[in-house]
Amino acid sequence: WPLWSTFFNDLGFRVIGSAPTNNTIIREGAQIVGSETCFPVKVAHGHILNLLSRNVDYIFLPSIINLETHNEEKLDSYLCPYVQSIPYLVKGVMNDRFRQTPLIAPTIHFGYGEALLKRQIIDLGKNLNCSKKQTLKAFNNARKAQSEFEQKLLDKGREFISQHDDKKLVLVGRPYNTCDPEIGRAS
């Protein structure tokens, strides 16, 4: 969230998130999804419906294929194929709804190097009528904001582990499952 909210704010957009996951979002997403799929994909459909009901100007829903790997990691870091395909699944069942509210759904590769990522971000900026210079500056600021956010998470985790002597439990999972209280409760 810090990455994209900073990016769009720096480009002059007012960023509006969908409502927190709730029973209506879950129910409506499950009802509209075009084929049987996992629970987070159904919920994502519900979040898109929520945004459409709020009369936003655009909906940004990228197909993020992979993430940047860290130096010590040797494996590529691909997102779940279902999550990669959410923009296409959403278009398949809601395409008529995007006539009034355009869906911006670029394919983004964070893990294939800077040259490709820059081209993809510049193309995104062009689609938003922003200059290359403005787009790259906003993206650099956004990456800095994301890095600071991730560092704060690491620091908080280290602090927790070092200050508590009782038993510890580390919850491992995809953020759309582990960081959304309603999905975690419902799944």
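Since the model is a prediction, treat every value here as computed from it, not as a measurement. Position 1 is the first residue of the sequence, and the numbers go up from there. These numbers come from the heavy atoms of this one structure, side chains and all, not from hydrogens, waters or symmetry mates.
The shortest distance between side-chain heavy atoms of Leu117 and His109 does not fall below 4.5 Å. With a 4.5 Å cut-off on side-chain heavy atoms, Leu49 and Met94 count as touching. Residues Thr6 and Asn9 fail the side-chain proximity criterion, which asks for heavy atoms closer than 4.5 Å. Under the 4.5 Å side-chain criterion, counting only non-hydrogen atoms from C-beta, Glu28 is not in contact with His47. In this structure, the side chains of Val83 and Ile64 stay at 4.5 Å or more apart for every pair of heavy atoms. In this structure the side chain of Thr101 reaches within 4.5 angstrom of the side chain of Val56, judged on heavy atoms. Between Ile59 and Ile48 the shortest side-chain heavy-atom distance falls below 4.5 Å. Between Lys156 and Leu153 there is no side-chain heavy-atom pair separated by less than 4.5 Å.
No single ILVMFWY cluster, assembled from side-chain heavy atoms under 4.5 Å apart, contains both Leu136 and Leu124. A continuous path of ILVMFWY side-chain contacts below 4.5 Å connects Leu116 to Tyr78, so both sit in one hydrophobic cluster. Follow the hydrophobic side-chain contacts under 4.5 Å out from Tyr88 and you never reach Ile104; the two are in separate clusters. Follow the hydrophobic side-chain contacts under 4.5 Å out from Phe8 and you never reach Ile122; the two are in separate clusters. Connection of Phe149 to Leu3 is not established within any shared hydrophobic cluster, with ILVMFWY side chains joined at heavy-atom distances below 4.5 Å, either directly or through further cluster members.
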| request: Go through the steps for Lys42 and Ile26 under the test side chain to side chain contact (heavy atoms under 4.5 Å, CB included), then give the verdict. | output: CA-CA 7 Å; Lys42 293 174 184 177; Ile26 292 169; over 6 Å; no
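Proximity of a side-chain donor or acceptor of Asn66 to a complementary backbone N or O of Gly111 within less than 3.5 Å is detected.
Atom-to-atom distance recorded for Leu89:CG and Ile32:CD1 is 12.0 Å, nearest 0.5 angstrom. Atom CZ in Arg119 sits 8.5 Å away from atom CG in Asp123 (nearest 0.5 Å). Here the CD atom belonging to Gln120 is positioned 8.5 Å from the CD1 atom belonging to Ile65, to the nearest 0.5 angstrom. Atom CG of Asn55 and atom CD1 of Ile16 lie 10.0 Å apart (nearest 0.5 Å). From Thr135, atom OG1 reaches atom CG of Asp10 across 11.0 Å, with rounding to the nearest 0.5 Å. Annotation: the span from Phe60 atom CZ to Phe13 atom CZ amounts to 11.0 Å, rounded to 0.5 Å.
When all heavy atoms of Gln146 and Pro2 are compared, the closest pair comes out as OE1-CD, 3.4 Å. Across every non-hydrogen atom of Val33 and Thr37, the tightest pair is CG2-CG2, 3.7 Å. Between Arg54 and Gly17 the shortest heavy-atom distance is NH1-O, 2.6 Å. Nearest heavy-atom pair across Ala44 and Ile86 is CB-CD1, 3.9 Å. Closest of all the heavy-atom pairs between Pro87 and Ser63 is CG-N, 3.8 Å.
Heavy-atom contacts from other residues, nucleotides or ligands closer than 6.0 Å to OH of Tyr58 number 12 or fewer. Remark: Lys137 NZ is loosely packed, at most 12 non-hydrogen atoms of other residues, nucleotides or ligands lying under 6.0 Å away.
Aromatic ring orientation, Phe139 versus Phe110: parallel (interplanar angle below 30°, classes split at 30° and 60°).
In this structure, Lys152 does not pair ionically with Asp155, as no charged nitrogen and carboxylate oxygen lie closer than 4.0 Å.
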